[in-house]
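Lettering of chains follows the sequences in order, A, B, ..., and the numbering in each one begins at 1.
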2 protein chains.
Amino acid sequence: MVTIADVAQAAGVSISTVSYVMSGKRTISQDTKERVERAIDALEYRPHASARSLASRSTNVIGLQAPLRSGVDVHVVMEIVAGIVREARMHQYDILLLTSDDAEGLHRATRASMVDALLLMDVESDDPRIATLRELATPSVLVGLPRGAEELTCVDFDFEAAGRMAAERLIALGHRRVALLGSPREVIDRHTSYAERLSRGFLAACAEHDVPATVHQCPTTHESVRVLNAVLAEHPDVTGLFIHNEGALAHIAARAATIDGLEAIALCPSDIARTVPTLVDSIDLPAEGLGSAATQAIIALLAGESTPKVRLLPAVLASSRGASEPERAEVAGR
Amino acid sequence: MVTIADVAQAAGVSISTVSYVMSGKRTISQDTKERVERAIDALEYRPHASARSLASRSTNVIGLQAPLRSGVDVHVVMEIVAGIVREARMHQYDILLLTSDDAEGLHRATRASMVDALLLMDVESDDPRIATLRELATPSVLVGLPRGAEELTCVDFDFEAAGRMAAERLIALGHRRVALLGSPREVIDRHTSYAERLSRGFLAACAEHDVPATVHQCPTTHESVRVLNAVLAEHPDVTGLFIHNEGALAHIAARAATIDGLEAIALCPSDIARTVPTLVDSIDLPAEGLGSAATQAIIALLAGESTPKVRLLPAVLASSRGASEPERAEVAGR
DNA sequence: TCTCGTTGTTGAAGCGCTTCGACAATCGCG
DNA sequence: CGCGATTGTCGAAGCGCTTCAACAACGAGA
């Protein structure tokens, strides 16, 4: 294995000089710098991560708890993780995958100094991990917006604005009775906050326009079609649908397309929307961007920069009907 | 931070004694051992991962390259990763998530001594990473079975046996013309080996029974229904379908259920099969088990135990039609 | 009784890196 | 021309752990 001592010898300088060339924490003459860099390249030297972390007291690793099989929106989770990894690498950080959902994993990683910071996905309202996070005092960011996490940094998509936007779009299209076909029961039961925020925004906007609206839970399978049928049976005047359910989207959209006068818009990643041509519009769920944003927040935190406690990515309407330019919802904060 | 010195002091022993209590590499009296263990618990001591790895020259970390958005079988990928993480933790290993698909990431992680071993998913036939792996000489395991990786350890599901099993089951059900609706074009084009192995087994078994069979690529969307329609238009006598396509499964199964005499079986994780009630049978794709098996192989490698070069998990028929006990395909090796 | 092998414990030497304090060389200014 | 400030480089002290060699204490065999 090539060590810093080998590089120093090859370049004819001391070990500390090599270190300072790499970190830039001390001024080094151009000549020396070049000699050292050449030696590094020639030897393909990579500093030993553990040695560096032991001496510098930081690991350049971020611990991530991702829901690996919560059964919901696997696609979205994947993209978020992809965004996290990509952004982390851009800032010289690596991602350590912690077993999901147990506070013990957070403890372990932190106490053993394996990570500089923690990133948590899929956080529930009364998640025990929030208490652990507080106690550990490790820089951390939540992807999500649980209640009772006021002092923690949260990054999420602005589901409430997305709900409003969907309602307003359907109303602008002329619909006078609308329905939201949303997450499956499990998600609601787990008190994942996004479902609630989405329907709150949706219902609020409908109420403001005096348009009657209902919200329905949907299984993530073809069974969702039954829900749609039931909704239409009960409210035959529903003509506008807003779908937020990865697994059900295709089924519902396909069924809806067979019914005259019915129009559907959806909240989903844009590449998914593209596979469902019968949608009138879609609101983009920027999953990868969400991952990037969360990582950016963590990195700002680690750099000691001030970061807003809550950052919500704006909802953007990706109109398929030749809209001129995408509408943007406001960025919210608290 | 609590260090080993704190524990030693609290227990009234030397630092090395504490270390030996933890590693068990030296005999320690019962009395001393208990005192040290009490001190460890009381102080909630966790050895500093970097210090340990610097001194012991091993990290207890496995690097993982997982395809985070290849567009295929997100669900399966997720479950495999879940299996990997779970199994790794059982053996005191952690998982470092490397950016997918670049050989550079493998280099980095290895040269910087960040990982003890590498786990690669989604390996293509002429993957540049295979050369890198050879050059690095780091213990590694592939999830998949690429050609030209003879000296590397591979773990995969026995797709060929699954193909045979599906064919034989359809034939046993009385079908005299069958079709395999398989992976989307991209997967085939990337030379991912599993699609090929599956259809090889399927066609071979059909040929042995003199049952005509065809194989078709399927998009992962509702468009797959068109493929089904086209197949039926061309071969009206097809009555047995074998589906292997996560995204298309529900669509095809739903459409197939509307056609008299048509029966479908699928290859997919069992929890997915459960959401598609119109399937006659399904062959379980043990995604999580695949992850566990791959991790077990890595750990055996790290322990210096001998491991078979190739391990294929057997195909198991999960009959929905009151079968007595699940059939098993043979384990293959090379 | 003496010596030898066990058993249990310890001190100290690293592992490869960062960083502090020191120091020589050079520069700018009165 | 002399003095302090600046610039560039280095030696050495750790970071927290593992592990080797050494050693004290003790029982067993001669």
Looking only at atom types and distance, does a side-chain atom of [X] sit under 3.5 Å from a main-chain N or O of [Y], one as donor and one as acceptor?
X: A:S193; Y: A:L145; value: yes
X: A:N60; Y: A:Q92; value: yes
X: B:D127; Y: B:R129; value: yes
X: B:D116; Y: B:T59; value: yes
X: B:Q65; Y: B:M121; value: no

So for the helix from C:dT1-D:dA30 to C:dG30-D:dC1, with five pairs setting each end axis, what is the inter-axis angle to 10°?
50°
Compute whether any side-chain donor of one residue and acceptor of the other, for [X] and [Y], lie under 3.5 angstrom apart.
X: A:S50; Y: B:S50; value: no
X: B:S14; Y: B:T17; value: yes
X: A:S29; Y: A:T32; value: yes

Rounded interatomic separation in angstrom, taking [atom1] from [X] and [atom2] from [N]:
X: A:R111; N: D:dG16; atom1: CZ; atom2: C1'; result: 15 Å
X: A:I4; N: D:dC10; atom1: CD1; atom2: P; result: 12 Å
X: A:N60; N: C:dC17; atom1: CG; atom2: P; result: 15 Å

Tell me, please, which residues at least two apart from B:T132 pass side-chain contact (heavy atoms from CB on, under 4.5 Å).
B:A103, B:L106, B:H107, B:L136
Phosphate-side-chain proximity, B:K25 and D:dT18, N/O vs OP1/OP2 below 4.0 Å
no
Look at A:S19 and C:dT18 and indicate whether a side-chain polar atom (N or O) is within less than 4.0 Å of OP1 or OP2.
yes
Side-chain ion pair, A:R111 and A:E135, N-O less than 4.0 Å:
no
Electrostatic pair B:E44:A:R108 at N-O distance under 4.0 angstrom
no
Hey, mind stepping through A:T138 and A:S140 against side chain to side chain donor-acceptor pair (under 3.5 Å) and telling me if it holds?
CA-CA 6 Å; A:T138 305; A:S140 53; over 6 Å; no
Given protein heavy atoms under 4.0 Å, the one-letter contact record of nucleotides 6-13 of chain C, with B base, S sugar-phosphate only and - none, is simply --SBBB--
Quick one: ring-ring contact (aromatic ring centres under 6.0 Å, His included) partners of B:F157, sequence neighbours excluded?
B:F159
What protein N or O atoms touch nucleotides 13-15 of chain D N or O atoms at under 3.5 angstrom, if any, and at what distances?
residue, atom, partner, partner atom, Å
D:dC15, O3', A:R57, NH2, 2.8
D:dC15, O2, A:A55, N, 3.4

Would you tabulate the nitrogen or oxygen pairs shorter than 3.5 Å linking the protein to nucleotides 23-25 of chain C?
none

